[in-house]
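Some notes on the structure that comes next.
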Amino acid sequence: MSEKLTIGFLPLVDACLPILAQEHGFAEEEGLSLDFVRDVSWATVLDRLLYGHSDAAHMLAPLAIATTLGRNRPPQPLSAPFVLGLNGNAVTLSNALAAKVAPTDSLGDPRLVGAALAQEVRELAARGEKLRFGVVHRYSSHSYMLRYWLAACGIRPDRDIEIVTVPPPFVADALASGEVHGACVGEPWNSVCVERGVGAIVLATAQIWRRGVEKVLALREPLLEDRRPTIEALIRAMRKAGRHFVEPENWQDNAAILARAEYLDGDAGLIMRSISDRLVLRRGGEPVHYSDFMFQYREAANFPWVSQAEWLYSQMLRWDGLAYSAQDAQAAARVFRPDVYRSALMGTGDVLPGASSKVEGSLRGLTSVTAQQGAMVLSQNSFFDGGIFDPDDIPGYLAKLL
């Protein structure tokens, strides 16, 4: 008899791995049956998880950490034993703003686009006006990567520009109405903005932090411990789904599955763009290839690096104006569970990194290091401004940013 799991998700392409694990029979191979509950906001996905309406969730990695630490609600410990993907978001601007700061037919250089945007911000400030950007949640990789980029380009988030929350399915409406001048959101919602003619894609978040952590599979910590064998089976099923997902011959079928009404309820052609790393940046334009726009499988992409959780914690401190706490840092690091990931895949022949943490931003110009089971698995992980994050010195890292 199959073990049943209910998984909450938002209609985003990076919810693909548990969905495809069910649709292609990988879950069944592991003795599982997966049900899905779709929502339109991350707040609702989180509520369902915390109140036991779902067993696991497609979740923003920083939100799992914020929930564990009790940011804006009583603390409830969450665990993330599997990363659902790296990067996969983009910065989309209104057509008028994009024409001023990124008037090209390709993805811009983050430094040049940032410099042009900073000039626009200064000119608006002289008239008493501000730009407004949308992110999908305050505690999201979207928010932290957008803020990191803006700050490194001389734009002070929350002072020089406003940042507001807009659920992914409503980003195109927010741009169309003028409520926001730009947004950082996952696919297919950037492409929806382009197709509706309300915005242009100017950057991919992979240009801001190469191999930056994005969504995770999140569970309540007690449930993980109570149903550990079931969750490990789910991890194996999702790894199989990831291997299937990245093969070009499967892209069209997978886009069609994700486009179904019960999942993304969208256009398979738009979904195909992010799956194939070929984005249309402006309405009527030709597709532009950006390698590894989404990163779902290779180089242990699903491994929950503790150092990535610690970088997210550092950004929480930075943007919430909090003091460093060794206790909170340890709690944030414990949200990511590489021990569970290793346990699930031990003996399968899958790639298992030998370490659980690494210096983020230290690898430039590398695409990969040959990996075998038990060996460290590394890939290019650079920040666009050359920044280095040493997880052993979070206070020192933050001091350099202030």
Side-chain angles (χ1 to χ4, degrees), residues 7 14 17-18 42 45-46 49-50 56-71 75-88 137 139-141 144-145 209 211-225 227-228 231-232 234-236 238-239 242 295-297 299-317 324-346 350-361 376-379 381 389-394 397:
I7 300 178
D14 60 16
L17 297 190
W42 290 113
V45 171
L46 178 62
L49 181 66
L50 296 182
H58 163 236
M59 178 65 63
L60 299 162
L63 185 54
I65 294 169
T67 303
T68 298
L69 297 181
R71 299 299 299 152
Q76 295 201 48
L78 298 183
S79 294
F82 188 91
V83 172
L84 291 170
L86 305 176
N87 296 126
H137 196 283
Y139 297 118
S140 65
S141 298
Y144 291 157
M145 289 197 200
W209 180 18
R211 304 288 193 268
V213 64
E214 189 37 56
K215 312 298 190 309
V216 296
L217 180 82
L219 311 94
R220 285 168 284 127
E221 190 178 81
L223 186 142
L224 173 61
E225 300 308 325
R227 303 185 69 181
R228 176 81 174 254
I231 301 309
E232 291 190 7
L234 176 60
I235 288 171
R236 290 191 293 273
M238 291 190 296
R239 278 295 282 175
F295 204 73
Q296 314 304 122
Y297 180 72
E299 301 168 19
N302 308 120
F303 186 77
W305 291 99
V306 171
S307 50
Q308 294 185 337
E310 291 170 315
W311 184 82
L312 296 174
Y313 170 66
S314 77
Q315 300 307 296
M316 190 176 299
L317 298 182
Y324 173 79
S325 160
Q327 181 177 353
D328 282 353
Q330 291 172 1
R334 284 198 303 270
V335 171
F336 278 31
R337 295 292 302 273
D339 59 315
V340 178
Y341 184 95
R342 286 196 183 93
S343 177
L345 296 171
M346 188 69 68
D350 209 329
V351 171
L352 296 175
S356 296
S357 185
K358 59 190 189 321
V359 176
E360 301 293 340
M376 175 73 101
V377 179
L378 298 175
S379 61
N381 67 357
F389 174 71
D390 182 351
D392 292 332
D393 186 18
I394 295 176
Y397 172 75

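The shown structure was predicted, so the numbers you read here are calculated from the model rather than taken from an experiment. Hydrogens, waters and symmetry mates play no part in the numbers below; they use all other heavy atoms, side chains included.
Residues meeting the side-chain contact (heavy atoms from CB on, under 4.5 Å) test with Arg334, sequence neighbours left out: Gln330, Ala331. With sequence neighbours excluded, the residues satisfying salt bridge (Lys or Arg N to Asp or Glu O under 4.0 Å) with Glu360 are Lys358. Applying the side-chain hydrogen bond (donor to acceptor under 3.5 Å, both in side chains) test to Ser343 and every residue at least two apart in sequence or in another chain returns Glu232. Partners of Tyr139 under the ring pair (Phe, Tyr, Trp, His ring centres under 6.0 Å) rule, at least two apart in sequence or in another chain, do not exist in this structure. Legend: residues meeting side-chain hydrogen bond (donor to acceptor under 3.5 Å, both in side chains) with Asn87, ordered by chain and number and at least two apart, are absent. When the side-chain contact (heavy atoms from CB on, under 4.5 Å) test is applied to Glu225, the partners found at least two apart in sequence or on another chain are Arg228, Arg337. Here Phe303 pairs with Trp305, Tyr341 under the ring pair (Phe, Tyr, Trp, His ring centres under 6.0 Å) rule; sequence neighbours left out. Looking at residues two or more places apart in sequence or on another chain, you find a side-chain contact (heavy atoms from CB on, under 4.5 Å) between Ala301 and Leu86, Phe295. For Trp209, the ring pair (Phe, Tyr, Trp, His ring centres under 6.0 Å) partners at least two apart in sequence or on another chain are Trp311, Phe383. Every residue meeting the side-chain hydrogen bond (donor to acceptor under 3.5 Å, both in side chains) condition with Glu214, not counting sequence neighbours, appears here in chain and number order: Asn89. Residues passing the salt bridge (Lys or Arg N to Asp or Glu O under 4.0 Å) test with Asp328: none are found, sequence neighbours excluded.
Between the CE atom in Met346 and the CG atom in Leu352 there is a gap of 5.5 Å [rounded to 0.5 Å]. Between the OH atom of Tyr144 and the CG atom of Leu60 there is a distance of 10.5 Å, given to the nearest 0.5 Å. Between the CG atom in Leu69 and the CE atom in Met316 there is a gap of 6.0 Å [rounded to 0.5 Å]. In this structure, Leu63 CG and Leu49 CG are separated by 9.5 Å, a value rounded to the nearest 0.5 Å. Atom CG of Asp350 and atom OH of Tyr297 lie 5.0 Å apart (nearest 0.5 Å). In this structure, the separation between CG on Leu17 and CE on Met238 is 7.0 Å, given to the nearest 0.5 Å.
Scanning both residues, Ile394 and Ser314, for their nearest heavy atoms gives CG2-CB, 4.0 Å. The two atoms that bring Val340 and Ile235 nearest to each other are CG1-CD1, 4.0 Å, heavy atoms only. When all heavy atoms of Leu78 and Leu50 are compared, the pair lying nearest together is CD2-CD2, 3.9 Å. Taking each heavy atom of Ile65 and Ala309 in turn, the nearest pair found is CD1-O, 3.6 Å. Across all non-hydrogen atoms, the minimal contact from Pro62 to Ser140 is CG-C, 3.4 Å. Residues Gln296 and Gly85 share a closest heavy-atom pair of NE2-CA, 3.5 Å.
Looking at Ser79, its side chain never comes within 3.5 Å of a backbone N or O of Leu219 through a donor-acceptor pair.
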Ile231 and Leu224: CA distance, side-chain angles, deciding distance, side-chain contact (heavy atoms from CB on, under 4.5 Å) verdict: CA-CA 7 Å; Ile231 301 309; Leu224 173 61; 3.7 Å; yes
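Residues Val359 and Ser307 fail the side-chain proximity criterion, which asks for heavy atoms closer than 4.5 Å. Within the 4.5 Å cutoff, the side chain of Val306 has heavy atoms near those of the Pro338 side chain. Considering only heavy atoms from C-beta on, His58 comes within 4.5 Å of Leu84 through its side chain.
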